[in-house]
Participant: 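Structure provided below as structure tokens; questions to follow.
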Amino acid sequence: MEKPRTQLMLERLRALQATAPGIEASAVVSVDGLIMASALPAEVEEDRVSAMSAAMLSLGDRIAGELGRGTLQQVYVRGENGYVILSSIGEEAVLTVMARAKAKLGLVFLDMSRAARDLEAILLET
Amino acid sequence: MQTVKIVVTGPFNAGKTAFIGAISEIEVVSTERRITDHSQSTKEQTTVAMDFGRITVDDGLVLYLFGTPGQRRFDFMWEILSEGMLGFIVLVDSVAPETFHEARGILDLFKNYSPACYVVAANKQDLKDAWPPQDLRIALKIDSDVKVVPCVATDKESVKRVLLELLYSILETAEE
Ligand SMILES: Nc1nc2c(ncn2[C@@H]2O[C@H](COP(=O)(O)OP(=O)(O)OP(=O)(O)O)[C@@H](O)[C@H]2O)c(=O)[nH]1
Ligand SMILES: [Mg+2]
């Protein structure tokens, strides 16, 4: 029997967090800001995070275009306690990742782009 | 030259993006994204961060127009966009009475953010089932000293009239 889309995406998110030790939490959000799959801690308000992810990605997309940087690949936010990194999953969704301050960013980026590719395939196939 | 920041807000689907698109002299910075939950609406796209447009009134005055998203989950943008505004417009979809309560709620929030001047625009007056502005005033319990202006957001002249009404209100308050 085929697994439902949410389940497949959730498994992929968990695999991402297992391979990249710097990643603490992750979620897949639709481009209009609704949660599609979430591996976020319980205290995080999913609905707000998903809306903010969509808003931020859309602005990043506009500014990259406006300043001649081409299609947006990633938005990256650095706070005192770590990172929030957003990247698009095809045209339909956003991958949101929270990483520790000590995370190795190169690895995080690499694992994220792999995950984004797989998640795009899941979205296309299911 | 003086620049004035004006925010265009209101519930989902009220016509905020259309309003700014009709009047802006620059290509609007928009953040429209495909609606994925179609139980909510028949339209294709919704604003997820903001709209931004600009209109020069005369040599001395330029308006910066910021449109908000309408859906509640984007309310964090409402407060961000309201910073530094001199006035705001609450657009109401006059054919959607089920959104009037939300419109009133948004109005109260924006009044809370800032003491800026505002007008209510009774949008989509071109549709035959549109509530007239005076009925909308009653339904939304709008104070008698606040203007409720008829509006067709897809029509540039109509949008211009709404903006002028807001500017007059701002000037009147400044003189008081
Ligand atoms: N007939 C008519 N249609 C309008 C008018 N203003 C807006 N519309 C339509 O109403 C729909 C919603 O317009 P938008 O500009 O996307 O509304 P919005 O307030 O920006 O919506 P969100 O950003 O999703 O909250 C679109 O299909 C518009 O074409 C109007 O004055 N008359
Ligand atoms: Mg809009």
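Convention: sequence-line order gives letters A, B, ...; per-chain numbering from 1.
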Participant: What's the shortest heavy-atom distance between R33(B) and D61(A), and which atoms?
Facilitator: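 Minimum heavy-atom separation between R33(B) and D61(A): NH2-OD2, 3.3 Å.
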
Participant: Side-chain contact test, heavy atoms from C-beta onward, threshold under 4.5 Å: evaluate it for M50(B) versus L59(A) and give yes or no.
Facilitator: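 SC-SC contact between M50(B) and L59(A) confirmed.
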
Participant: Is M36(A) close to chain B through its backbone or its side chain, or both, or neither, when contacts mean heavy atoms under 4.5 Å?
Facilitator: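 Contact with chain B: none, neither part.
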
Participant: In a check of side chain to side chain contact (heavy atoms under 4.5 Å, CB included) between D32(A) and each of Q45(B), R34(B), R73(B), which one passes?
Facilitator: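 Testing each of Q45(B), R34(B), R73(B) against D32(A), the sole residue satisfying side chain to side chain contact (heavy atoms under 4.5 Å, CB included) is R73(B).
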
Participant: Would you say M52(A) ends up clustered with L13(A) if hydrophobic residues are merged whenever their side chains have heavy atoms under 4.5 Å apart, either directly or through other cluster members?
Facilitator: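 No, L13(A) does not connect to M52(A) through the hydrophobic network.
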
Participant: Please examine the side chains of D75(B) and R48(A), heavy atoms only from C-beta on, and report whether any two atoms are closer than 4.5 Å.
Facilitator: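 A side-chain contact under 4.5 Å exists here.
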
Participant: For the residue pair V31(A) and V48(B), establish whether any side-chain heavy-atom pair is separated by less than 4.5 Å.
Facilitator: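 Contact flag for V31(A)/V48(B) side chains = no.
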
Participant: Does V28(B) belong to the same Ile/Leu/Val/Met/Phe/Trp/Tyr cluster as I63(A), with side-chain heavy atoms less than 4.5 Å apart forming each link?
Facilitator: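 No; I63(A) is not reachable from V28(B) via cluster members.
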
Participant: Based on non-hydrogen pairs under 4.5 Å, which of E92(A), M56(A), E91(A) is most in contact with chain B?
Facilitator: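 The candidate making the most pairs under 4.5 Å is E92(A).
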
Participant: Tell me, do L34(A) and Q71(B) make a side-chain contact under 4.5 Å, heavy atoms counted?
Facilitator: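 SC-SC contact between L34(A) and Q71(B) ruled out.
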
Participant: Answer yes or no: does atom CZ of R72(B) have more than 12 heavy-atom neighbours from other residues, nucleotides or ligands under 6.0 Å?
Facilitator: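 More than 12 heavy atoms, drawn from other residues, nucleotides or ligands, come within 6.0 Å of this atom.
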
Participant: Report whether F88(B) and V162(B) are members of the same hydrophobic cluster (ILVMFWY, side-chain heavy atoms less than 4.5 Å apart, transitive linking).
Facilitator: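 No; tracing contacts between hydrophobic side chains, which count when under 4.5 Å, never links both residues.
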
Participant: Show the nearest heavy-atom pair for residues A51(A) and F74(B), with the distance to one decimal.
Facilitator: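 Smallest interatomic distance, heavy atoms only, reads O-CE2, 3.4 Å.
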
Participant: Pick one of side chain, backbone, both or neither for S30(B), based on which atoms fall under 4.5 Å of a heavy atom in chain A.
Facilitator: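 Both backbone and side chain.
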
Participant: Just checking R78(A): does its CZ atom have more than 12 heavy atoms from other residues, nucleotides or ligands closer to it than 6.0 angstrom?
Facilitator: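 It does not: R78(A) CZ has 12 such atoms or fewer within range.
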
Participant: Check A55(A) against A49(B) and note the closest heavy-atom contact, atom names and distance.
Facilitator: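 The answer is O-CB, 3.7 Å.
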
Participant: Please look at T46(B) and chain A and tell me whether the side chain, the backbone, both or neither of the residue comes under 4.5 angstrom of a heavy atom of that chain.
Facilitator: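 For T46(B), the contact with chain A is made by the side chain alone.
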
Participant: L105(A), V75(A): one ILVMFWY side-chain cluster at the under-4.5 Å cut-off?
Facilitator: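 No, L105(A) does not connect to V75(A) through the hydrophobic network.
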
Participant: Could you see if I89(B) belongs to whatever hydrophobic cluster contains L136(B)? Use Ile, Leu, Val, Met, Phe, Trp, Tyr and a side-chain cutoff under 4.5 Å.
Facilitator: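 No.
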
Participant: Counting only heavy atoms not in E43(A), do more than 12 fall under 6.0 Å of its CD?
Facilitator: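 Atom CD in E43(A) is crowded, with more than 12 foreign heavy atoms closer than 6.0 Å.
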
